[in-house]
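See structure below.
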Protein chains: 2
Amino acid sequence: MSSDDTRGRILNAAGEVFAERGFRAATIRDICHRAEVNLASVNYYFGDKERLYVEAVRMAHPGGPDGVSVESFPEGATPEQKLRVFIRELLKRLFRAESHAWKMRLLQREILEPTPFCTDLMRTYFRAKFAQLTSILDEVLPPEMPEPRRHMIAFSIVGQCVYFRAASRVIGMVLDESEQRDYHTVDTLTDHVSGLVLAALGLAPPLGQATDDDSQALRGEREPKLAFHKKARDELKTVQE
Amino acid sequence: MSSDDTRGRILNAAGEVFAERGFRAATIRDICHRAEVNLASVNYYFGDKERLYVEAVRMAHPGGPDGVSVESFPEGATPEQKLRVFIRELLKRLFRAESHAWKMRLLQREILEPTPFCTDLMRTYFRAKFAQLTSILDEVLPPEMPEPRRHMIAFSIVGQCVYFRAASRVIGMVLDESEQRDYHTVDTLTDHVSGLVLAALGLAPPLGQATDDDSQALRGEREPKLAFHKKARDELKTVQE
DNA sequence: AATTGTTTTAAACAGGTGTTTGAAACACGC
DNA sequence: GCGTGTTTCAAACACCTGTTTAAAACAATT
């Protein structure tokens, strides 16, 4: 069994345990037990617990340890569709169930409870994702909206997605099991979060319209009714032309 | 120095340390150091670490250990105003800075990372707050909207509030200090979250209108323009009368 | 002053923790 | 087969942790 395999197993186990418990409450013994390696292996391959943690957080970043992956959009996607894709991809990563689910959970833990070890890593990651989201919002928001307010809209979008995942056990205390299973899927949450935000921006009808009406509009199958400021923006564009 | 005072100092210190670090990473020695009491005092007054934790979580609940406090609203408040008050009070508790700030942070930690010790407590608390929020939403949402979708709106509201607080250190990595200080106050976040949600529901103009226009409308100083489904609901009420 | 009950204390205990160490086992090249 | 380097291992170490203990200090009552 190659040493790369041992090192990888340690990293994977560490990622899972750090994601579940946090840096301090996670133990080297538990990690080694889960990886089925000797206790000393962590120090042999990584040096100490802190370096192991930093390496796990680096591995957790989308695009791996060298950079940030950014969603690409279908050719000719409207800004509304881009926003929907962004939200859907974020939710997919948050809710993924296969063996690398710990990656997003570890990043989420570093967002909600940062350690001092990964500040640069997290700043780089968060800024890149944030820049992408705000560039999508810039396509739909009136240019005269101040930047801080655009940022608050961006945080509201991310906050909803993260919260539905991070608080899922408490949400399970309020809702019955079938409601959470059926309504808190990636698809329904994508519809909900993007529908809510687009309605708030006047780019979709208010919540409370028929569900399939929303879905059709958001999927670009039928133009949503013009809301007031989009109409005003289009009229401004006509004047500028 | 009375024993009540010693017991209270231990509880307060424990609340702070548990809120900062979580149950497992918090230590009895650190708690006793902060409370300036002997190490054995915890076992003398509370029995063990777990019972101390449960007691701290009980103390953290608004309304104290016996019940859940519920916001009261000004006489004749519209549903929109009630929603705004609910959001504001939630944000005030999340962002409070005085010595009992640990209470909401401990509850927030139990929401985002539940322990098995407080499941009944948290279920009771969360359900009570949730019931209040959904009863406000019931006043503004069309009666034909399915309950699961109302619940999702409620979680979106709470999620934004909790996220702005829980992720404040990471948000600080993206925004410059003055932007976060000036725009992420209880007042501005109340305007933002309630404005976004009410706009999404068609009960306020879309985001992107002039700021003071929003604030005036939301403070009840001037009627917001009727949105489509509120008008429909009022017409339905007329028919039913 | 004596007795009783409560509170506080220092010290110890058993178990857990991250790290280190020297040796054994293994792999590879000559 | 030998020498060298890599990997794995059991054991130990120093320190941390929650809990317990017996005694001292304190407070209240008679």
Side-chain angles (χ1 to χ4, degrees), chain A residues 1-60 102 106 109-110 113-118, chain B residues 1-60 102 106 109-110 113-118:
Chain A
M1 187 172 292
S2 75
S3 62
D4 278 353
D5 188 50
T6 307
R7 190 177 189 281
R9 286 197 347 265
I10 294 172
L11 253 182
N12 197 69
E16 289 176 359
V17 176
F18 285 136
E20 284 165 23
R21 300 220 187 124
F23 175 79
R24 190 160 160 163
T27 71
I28 299 295
R29 280 170 173 76
D30 201 25
I31 290 168
C32 290
H33 184 265
R34 196 173 297 199
E36 295 179 339
V37 300
N38 185 262
L39 191 53
S41 302
V42 167
N43 292 78
Y44 180 81
Y45 284 102
F46 295 95
D48 58 21
K49 187 181 183 184
E50 178 182 321
R51 289 184 231 177
L52 174 62
Y53 182 78
V54 170
E55 193 61 28
V57 172
R58 285 162 61 102
M59 290 307 297
W102 64 263
L106 185 54
R109 180 176 279 278
E110 268 290 316
E113 191 182 345
T115 65
F117 315 128
C118 310
Chain B
M1 189 171 292
S2 76
S3 64
D4 277 354
D5 188 52
T6 307
R7 190 179 191 280
R9 287 197 348 265
I10 292 172
L11 252 183
N12 197 68
E16 289 176 359
V17 177
F18 285 135
E20 284 166 23
R21 299 218 187 127
F23 175 78
R24 189 159 162 167
T27 71
I28 299 295
R29 280 170 173 77
D30 201 25
I31 291 167
C32 291
H33 184 265
R34 196 173 297 200
E36 297 180 337
V37 300
N38 186 263
L39 190 54
S41 302
V42 166
N43 291 79
Y44 180 80
Y45 284 102
F46 296 94
D48 59 22
K49 187 182 183 185
E50 179 182 320
R51 289 184 230 177
L52 174 61
Y53 181 78
V54 170
E55 193 61 28
V57 173
R58 285 163 60 102
M59 290 306 298
W102 64 264
L106 185 54
R109 180 177 280 277
E110 268 291 316
E113 193 181 342
T115 64
F117 314 130
C118 312

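Keep in mind that the numbers below use all heavy atoms, side chains included, and drop hydrogens, waters and symmetry copies.
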Nearest whole angstrom, please: distance from the [atom2] of [N] to the [atom1] of [X].
X	N	atom1	atom2	value
B/Phe46	D/dG18	CZ	P	15 Å
B/Asn43	C/dA10	CG	C1'	15 Å
A/Ile31	C/dT19	CD1	P	10 Å
A/Asp5	C/dC26	CG	C1'	16 Å
A/Asp30	C/dG15	CG	C1'	16 Å
B/Asp48	D/dT17	CG	C1'	14 Å
A/Arg24	C/dT17	CZ	P	13 Å
B/Tyr53	D/dT17	OH	P	18 Å

For [N], does either OP1 or OP2 sit under 4.0 Å from a side-chain N or O belonging to [X]?
X	N	value
B/Tyr45	C/dT8	yes
B/Tyr44	D/dT20	no
B/Thr6	C/dT8	yes
A/Asn38	D/dA10	yes

Between the base of D/dG18 and the side chain of B/Arg29, is there a donor-acceptor distance below 3.5 Å?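 It does, because a donor-acceptor pair links the side chain of B/Arg29 to the base of D/dG18 below 3.5 Å.
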
If you check every side-chain atom of [X], which of [options] has the closest atom?
X	options	result
B/Ala40	C/dT21, C/dA10, D/dT8	C/dA10
B/Ser41	C/dT19, C/dT9, D/dT17	C/dT9
B/Leu39	C/dA12, C/dT8, D/dT8	C/dA12

When rounded to the nearest 0.5 angstrom, what is the spacing between CZ in A/Phe46 and CG in A/Leu11?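 The CZ atom of A/Phe46 sits 4.0 Å away from the CG atom of A/Leu11.
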
In chain order, what residues pass the side-chain contact (heavy atoms from CB on, under 4.5 Å) check against A/Arg34, with sequence neighbours excluded?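 Per chain and number, A/Arg34 pairs via side-chain contact (heavy atoms from CB on, under 4.5 Å) with A/Ala13, A/Glu16, A/Val17, A/Glu20, A/Asp30.
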
For A/Phe23, is there any backbone N or O sitting under 3.5 Å from a side-chain donor or acceptor partner on A/Lys49?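 Flag set: sc A/Lys49 to bb A/Phe23 pair under 3.5 Å.
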
Within the distance-only criterion (no hydrogens, no angle test), does the side chain of A/Arg7 pair as donor or acceptor with the backbone N or O of A/Tyr45 below 3.5 angstrom?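 Looks like no, no N/O pair under 3.5 Å.
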
NA contact type, A/Ala25, heavy-atom cut-off 4.0 Å: base, sugar-phosphate, or nothing?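 No contact.
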
Side chain to side chain contact (heavy atoms under 4.5 Å, CB included) for A/Ile31 and A/Leu52? Distances and angles first, verdict last. CA-CA 11 Å; A/Ile31 290 168; A/Leu52 174 62; 4.1 Å; yes

